[in-house]
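Note on naming: letters A, B, ... go to the chains in the order of the sequence lines (proteins, then strands), and numbering restarts at 1 for each one.
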Amino acid sequence: MAKNLLIVESPAKAKTIEKYLGKDFIVKSSIGHIRDLPEKGIGIDIEHDFAPDYVVSPDKKKVVSELKKLAKEAETVWLATDEDREGEAIAWHLLSELGVDEKKTRRVVYHEITKSAIEEAIKNPRSIDRALVDAQQARRILDRLVGYELSPVLWRKVKPSLSAGRVQSVAVRLIVEREREVNGFVAVPYFKVDGLFNANDTNFHAELDKRYDNEQQAHEFLTKINGAEFSVKDLEKKPAKRSPSAPFTTSTLQQEASRKLSFSVLQTMRVAQGLYERGDITYMRTDSVNLSQQAINGAKEEIEKTFGAKYAQTRQYKTKSSSAQEAHEAIRPTDFSAKEIEGHNDNERRLYDLIRKRTIASQMANAEIEKTTITISQNKTQDNFIATGEVILFDGFLRVYSESDDDTDEQENSETLPLLKVNQKVNFAEANATQRFPSSLPRYTEASLVKKLEALGIGRPSTYAPTISTVQKRGYVVKESKEGTPRPYKVITLKNGTVTSATKTEITGAEKAKLFPTDIGSVVTDFLIENFGEILDYNFTANVEEEFDIIAEGKLSWTKMLKKFYTPFHITVEKATAVKEKASGEKLLGQDANGKNVYVKIGRYGPMVQIGDFNPDEEGETKPEDKPKYSKLRADQRMETITLEEALNLFKMPRKVGIYEEQEMAAGIGRFGPYIRHDGKFYSIPKEDDVYTIGEERAIEIIKDKRQKEIEKNIKTFAHDPEIRVLKGRFGPYITMDKKNYKIPKGKEASELTLEECLEIIKNDTSAGKKKRGFTPRKKAKE
DNA sequence: CAGTGAGCGAGCTTCCGCTTGACTT
């Protein structure tokens with residue numbers, strides 16, 4: 001029987017530590033929190049100092065009973081959960097739930113999973129820090145009060161099953177407000193002038209040191225400098241250095257994996273979890289940029305071996321975020337010499353490579369750069385052209401890793417400039433004044449939202465990915481890509497002594513995997529800001545965190561803090577509940593041809609347009625012809641941006657188009673876009689046709705086309721078994737049976753397949769049994 | 001999938017932060 005039971009939070013960590021401690025120790029994990037407030041009901045006795053009703057979580061019953069048994073048999077129970085607020089609380093819950101004498105328990109802490117750190121921790125046990133536990137209770141209970149009192153208000157005022165909370169509601173607010181900024185942004189165009197020069201047989205670009213507001217000014221300037229002589233007025237060389245970024249935390253890993261690998265934050269965490277479980281990387285949910293001494297030595301050794309001693313420069317980074325609790329190390333490889341990892345899929349290899357390079361780069365020398373600025377003047381006006389270039393004198397960490405940036409174009413500064421002298425003449429080739437449109441701040445991606453939340457101190461490494469899932473699951477936010485629209489712009493060119501003007505076209509407004517608010521998201525946000533401004537304030541979390549810190553220092557009672565918060569909060573909840581009207585986001589768009597009011601609002605089934613008002617007579621009756629008319633918004637329309645004309649157009653659908661084969665044809669817009677409906681069948685209307693004006697003749701053409709394609713699609717059918725068909729699809733021929741599709745093996749001619757061969761292919765198909773790997777929610781979604 | 005729409009209302013929904021596991025064909 002083992003004398004010692006040591007409990008940590010993560011099973012993978014338990015395995016590692018067990019190796020370090022030897023046979024006198026049995027190491028087990030709690031798998032996170034073991035107790036919590038009950039899921040049903042508030043679970044807090046508010047009248048009696050917010051006494052919480054903790055219950056063992058249903059999915060932790062097994063773990064707890066096993067730990068209980070082992071704890072009883074052990075001489076000493078070591079509570080080795082993380083050294084932060086949540087970890088301290090887990091230790092305290094374990095102590096009270098396992099039913100062992102406190103005298104035979106020890107609390108130990110460490111910041112890194114190394115043999116020396118664990119042994120050192122065992123030598124220095126302490127007792128449980130009750131003040132820190134109280135701070136956690138205050139955090140937990142405040143979140144429950146906010147979440148479970150605000151959500152029911154939304155059920156009454158907006159729609160059932162909605163939710164609100166300290167973290168998610170602010171996340172949605174960020175997205176709603178950014179969308180309004182983007183939509184309200186008016187781009188005031190300007191002209192920038194770019195010159196192409198040649199000197200020492202090298203072409204190079206230089207930009208004019210001023211911009212013009214309009215085409216006329218730009219034109220005038222180019223006309224003025226026609227025939228000018230250009231020379232180097234000034235030359236400046238400045239040394240600069242660039243330093244590597246800190247090793248990864250959860251948030252920075254999510255951002256870089258998004259930019260460099262196009263991973264969603266959930267995908268990043270899933271892949272990292274796999275790497276962690278196999279022992280390839282350290283823990284992936286961390287807010288610390290710290291590396292253990294052992295890790296720094298490992299990185300240094302690897303750098304010296306691969307690149308030479310002058311490339312190594314060890315550093316210890318400091319965390320910028322004030323909310324950080326730093327219970328773990330930064331995310332790093334466990335073994336720096338492992339360049340390639342065995343037995344992993346492509347995504348795991350790519351993420352591992354990113355983590356390894358980032359960590360190694362963080363311990364490498366600065367890059368040394370020489371920045372060159374060349375000022376070119378001319379003899380016609382006082383204006384100068386400026387060329388900038390960069391030469392890397394010593395690549396340092398750049399040899400391994402360079403961080404991506406969300407906001408800037410990376411292709412600039414890539415030009416090599418010729419070696420010039422002051423007063424040297426340069427040859428002018430051409431100059432272009434190009435019309436540019438400034439852009440608004442970009443919409444958030446999942447990863448840039450995480451970055452913003454972290455900067456505000458909202459949420460924790462373990463919750464970034466789930467929060468982003470929650471706001472999407474509730475229908476507040478959608479992740480979407482959008483095709484851009486063409487926009488004309490002017491280019492004025494001076495070349496060969498003449499100035500010419502041309503109009504070109506660029507694509508603008510294209511978006512890839514960006515977060516957009518839904519109408520529900522906007523309406524809920526407006527409602528919450530109006531009624532619960534304090535909670536929706538970007539500083540709310542920071543403010544309560546300050547108080548949690550004071551509680552953790554033992555200088556404030558957690559129940560007092562909660563009471564001070566809850567009393568006024570609860571009054572606003574009751575006030576908001578007492579107001580009968582729904583929060584529908586109703587907006588008057590204008591009047592239709594008959595002078596009836598046209599509104600957009602959220603109805604029972606989502607956003608809609610309403611024409612007309614209710615005007616009941618004395619008996620409270622409304623005549624049927626006076627009742628308002630309704631139409632749902634299309635999927636691509638938003639309450640905030642729909643125009644009166646677009647709203648009225650919705651009522652023109654579905655529209656009678658004509659008769660074909662004695663059946664009526666109607667045009668409409670469905671979930672998959674514009675369609676013609678005929679004899680119960682739907683035919684998509686191609687992009688080049690207008691659903692509002694399409695005529696009978698064209699509609700019949702579309703129907704005939706579709707039928708023809710249907711016929712061509714059938715490569716082969718079998719009289720014996722009409723269920724099985726060989727079809728032509730987007731990716732080539734395939735076999736279909738019972739709504740499932742099967743690939744045709746290479747080397748077989750589709751049109752010559754026999755029924756037996758088809759059955760053989762279907763039988764041998766293996767793709768159906770594929771299992772999806774990943775996390776599923778604790779509770780199964782009811783759908 | 002191809003479209004509904006006030007009001008009345010049973011009984012349901014919900015938070016944040018720790019952490020992974022998988023009844024049978």
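- Judged by the 6.0 Å and 45° rule, A:R144 forms a cation-pi pair with A:Y148.
- Under a 4.0 Å N-O distance rule, the pair A:R139/A:D143 qualifies as a salt bridge.
- Residues that satisfy the side chain to side chain donor-acceptor pair (under 3.5 Å) test with A:T286, not counting sequence neighbours, are absent from this structure.
- Within the 4.0 Å cut-off from OP1 or OP2 of B:dG17, not a single side-chain nitrogen or oxygen of A:Q136 is found.
- A:S10 has no side-chain polar atom (N or O) that falls below the 4.0 Å cut-off from OP1 or OP2 of B:dT19.
- The side chain of A:Y148 lies closest to B:dT14 when the candidates are B:dT20, B:dT14, B:dC18.
- Closest approach to the A:S151 side chain among B:dT13, B:dT19, B:dT14 is made by B:dT14 (side chain taken as heavy atoms from C-beta onward).
- Aromatic stacking of A:Y605 on B:dG3: not satisfied for centres closer than 5.5 Å together with planes under 30 degrees.
- Side-chain N/O atoms of A:R474 include one lying less than 4.0 angstrom from OP1 or OP2 on B:dT14.
- Distances shorter than 4.0 Å separate none of the side-chain N or O atoms of A:Q610 from OP1 or OP2 on B:dG5.
- Comparing B:dC15, B:dG5, B:dT20 by their closest approach to the side chain of A:Y630 singles out B:dG5.
- Rounding to whole angstrom units, NZ of residue A:K13 and P of B:dC18 are separated by 12 Å.
- Regarding contacts with the backbone of B:dA6, every side-chain N or O of A:K582 stays at 4.0 angstrom or more from both OP1 and OP2.
- Between the CG atom in A:D59 and the CD1 atom in A:I31 there is a gap of 8.5 Å [rounded to 0.5 Å].
- Stacking of the aromatic ring of A:W155 onto the base of B:dT14 is not found under the criterion of centres within 5.5 Å and planes under 30°.
- For B:dT19, the OP1/OP2 oxygens have a side-chain nitrogen or oxygen of A:R285 closer than 4.0 Å.
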